[in-house]
A.B. asks: 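Before I ask anything, let me first share the structure, which is written out below as structure tokens.
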Number of protein chains: 2
Amino acid sequence: MFRETNLRYIAKGVSWRFVATTTTIVIVYIFFGRLDLAIVAGLIETILKIVLYWLHEKIWQRVRWGKERIEPFNIWLTGLPLSGKTTIGDLVYKKLQKYQIPIERLDSKDIRELIPSLGYGREDRYRHMIRVGHLIKTLQKNSISIVASFVSPYEESREIIKRMTKNSVIVYIKADIKSCQKRDYKGVYKKALSGELKNFSGVNDIYEEPKNANIVIDTNILSPEEASDIIVNYIKKRYIKE
Amino acid sequence: MFRETNLRYIAKGVSWRFVATTTTIVIVYIFFGRLDLAIVAGLIETILKIVLYWLHEKIWQRVRWGKERIEPFNIWLTGLPLSGKTTIGDLVYKKLQKYQIPIERLDSKDIRELIPSLGYGREDRYRHMIRVGHLIKTLQKNSISIVASFVSPYEESREIIKRMTKNSVIVYIKADIKSCQKRDYKGVYKKALSGELKNFSGVNDIYEEPKNANIVIDTNILSPEEASDIIVNYIKKRYIKE
């Protein structure tokens with residue numbers, strides 16, 4: 001994010017005044033043929049307009065109409081490991097960046113990489129969700145919207161997130177376990193099936209399908225490109241005013 | 001945070017054009033005594049200036065000069081329990097809010113309250129610091145500065161924070177353990193001394209005094225008001241350009 005310095009504002013104001021006054025002088029000169037009077041009129045106009053512009057800004061500062069609070073949303077992608085959450089989330093994030101709203105991308109793996117020994121049991125997942133919920137809440141307090149992708153296998157996990165955050169949109173990335181296994185480039189499904197990985201959602205741990213998802217994306221039918229368009233349109237309609 | 005709607009921009013533009021054109025017409029009329037010509041000149045001026053203003057904005061958009069990236073800082077208050085970190089942190093936060101920079105307050109207790117069973121052992125504290133570091137990093141990525149108050153008893157904890165974040169200012173809130181005990185309105189020192197509370201920094205667990213603090217506040221000499229002024233001045237000099 002950038003801020004503009006006071007010097008830039010002053011320079012911009014001066015350059016505009018120069019253009020505006022010159023225009024006035026030229027117009028008056030063309031109409032009346034008196035350059036001396038045109039210049040005096042231009043200078044008087046400059047001084048008057050600086051004062052008037054200031055007054056105009058002061059008055060508008062008191063007008064509340066047309067100012068609206070930015071309503072940050074939280075797109076929450078849930079689904080089996082390798083269902084396509086991260087790919088779709090990245091696309092949604094990229095597309096939403098065009099709308100000049102502050103937005104942040106959160107992905108399960110980035111956070112888990114920080115704390116490698118974080119467990120996958122019910123209790124560890126619960127505490128993890130509360131922390132992620134707190135992170136989102138803090139970002140939203142600062143008007144930042146979120147695109148999050150987390151397996152979040154329990155209905156309870158999603159409920160925590162909905163309770164802690166504002167304008168949560170739960171997106172269920174639906175993929176059957178066979179398709180996920182086909183994309184198993186990390187070899188995690190193999191490890192889970194052999195028992196090497198425990199608490200692996202969909203294999204040796206439960207994945208509770210969301211009952212109240214706002215959007216369901218069937219990855220057997222939709223490409224990531226199409227899926228991200230559906231999500232972006234949903235958000236545009238509800239949370240982005242142009 | 002608020003955003004201004006397009007309708008507000010348009011209304012503001014129209015109202016200014018009305019003021020500006022009227023001014024021009026009045027000036028020209030006073031100078032030359034011809035109302036008809038004054039009105040025509042005013043209208044031509046209006047059309048010309050709308051085009052010129054647009055051009056002027058377009059040109060300035062390409063000028064990089066006078067735009068600077070907001071550099072978020074991280075004020076990190078460390079010290080014994082009840083040394084006065086929270087009080088001073090709250091004051092610093094309040095004073096910095098005046099400068100119209102996005103800023104967020106993080107206090108140990110708010111985060112710990114979310115996860116009550118979070119431990120105070122070395123390993124738990126270490127993981128906790130990484131999470132807090134990640135939270136600060138994410139906020140800073142969005143140009144948000146931080147006022148944080150955490151006991152953070154280990155040199156290692158403070159190092160993690162410095163490594164993970166930008167522009168960290170370590171403030172050591174120095175208070176001898178007797179003064180802290182005097183303020184023991186929560187009864188935590190009593191519990192620690194009786195052995196009911198374990199891993200309590202300063203009583204039955206170590207507090208490593210910071211060796212490389214940027215600011216040291218001696219609470220025996222300085223009031224919270226004075227302490228917060230010192231910190232705010234330090235920040236103003238380095239990170240807030242007016």
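Reminder, nothing fancy here: chain letters follow the sequence lines and each chain counts from 1. For the numbers below, each heavy atom of this structure counts, side chains included, while hydrogens, waters and symmetry mates do not.
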A.B. asks: For chain A, which candidate among B/E104, B/R34, B/H134, B/E57 shows the most heavy-atom pairs at distances under 4.5 Å?
C.D. replies: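 Ranked by contacts with chain A, first place is B/E104.
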A.B. asks: Heavy-atom distance under 4.5 Å to chain A: side chain of B/T138, backbone, both or neither?
C.D. replies: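 Both parts, heavy atoms under 4.5 Å.
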A.B. asks: What part of A/Y9 is in contact with chain B, defined as an atom under 4.5 angstrom from a non-hydrogen atom: side chain, backbone, both or neither?
C.D. replies: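 When you check distances to chain B, no heavy atom of A/Y9 falls under 4.5 Å.
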A.B. asks: Give a yes or no on this: more than 12 heavy atoms of other residues, nucleotides or ligands lie within 6.0 Å of atom NZ of A/K94.
C.D. replies: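 It does not: A/K94 NZ has 12 such atoms or fewer within range.
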A.B. asks: Can you tell which of B/L52, B/L139, B/L48 has the highest number of heavy-atom pairs within less than 4.5 Å of chain A?
C.D. replies: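 Ranked by heavy-atom pairs under 4.5 Å with chain A, first place is B/L52.
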A.B. asks: Give a yes-or-no answer on whether the side chains of B/W76 and B/T165 include a donor-acceptor pair shorter than 3.5 Å.
C.D. replies: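 No - no donor-acceptor pair under 3.5 Å links their side chains.
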A.B. asks: Is the closest basic N to carboxylate O distance between A/E208 and A/R125 below 4.0 Å?
C.D. replies: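 Not counted as a salt bridge, because no side-chain N and carboxylate O are separated by less than 4.0 Å.
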A.B. asks: Please classify the contact of B/Y126 with chain A as side chain, backbone, both or neither, using a heavy-atom distance under 4.5 Å.
C.D. replies: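 The answer is neither part of B/Y126.
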A.B. asks: For the pair B/D90 and B/Y93, evaluate side chain to side chain contact (heavy atoms under 4.5 Å, CB included) and give the outcome as yes or no after the intermediate values.
C.D. replies: CA-CA 5 Å; B/D90 287 347; B/Y93 176 66; 5.6 Å; no
A.B. asks: At a heavy-atom separation under 4.5 Å, does B/I103 approach chain A through its side chain, its backbone, both, or neither?
C.D. replies: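 B/I103 touches chain A through backbone heavy atoms alone.
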A.B. asks: Identify which part of B/E71 has an atom lying under 4.5 Å from any heavy atom of chain A, answering side chain, backbone, both or neither.
C.D. replies: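 For B/E71, neither part sits under 4.5 Å from chain A.
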A.B. asks: Measure distances from B/I144 to the heavy atoms of chain A and classify the residue's part below 4.5 Å as side chain, backbone, both or neither.
C.D. replies: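 Contact with chain A is through the side chain of B/I144 alone.
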A.B. asks: Where on B/V26 is there a heavy atom nearer than 4.5 Å to chain A: the side chain, the backbone, both, or neither?
C.D. replies: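 For B/V26, neither part sits under 4.5 Å from chain A.
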A.B. asks: Need one label for B/I27: side chain, backbone, both or neither, based on atoms under 4.5 Å from any heavy atom in chain A.
C.D. replies: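 The side chain, not the backbone.
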A.B. asks: Under 6.0 Å from the NZ atom of B/K95, do we count more than 12 heavy atoms belonging to anything else shown?
C.D. replies: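 Enclosed.
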A.B. asks: Hey, are the side chains of B/M164 and B/I136 touching, using non-hydrogen atoms and a 4.5 Å cut-off?
C.D. replies: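 Sidechains of B/I136 and B/M164: no contact.
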A.B. asks: Evaluate side chain to side chain donor-acceptor pair (under 3.5 Å) for B/R105 paired with B/S149, printing each intermediate quantity in order.
C.D. replies: CA-CA 8 Å; B/R105 177 86 177 90; B/S149 40; 3.0 Å; yes
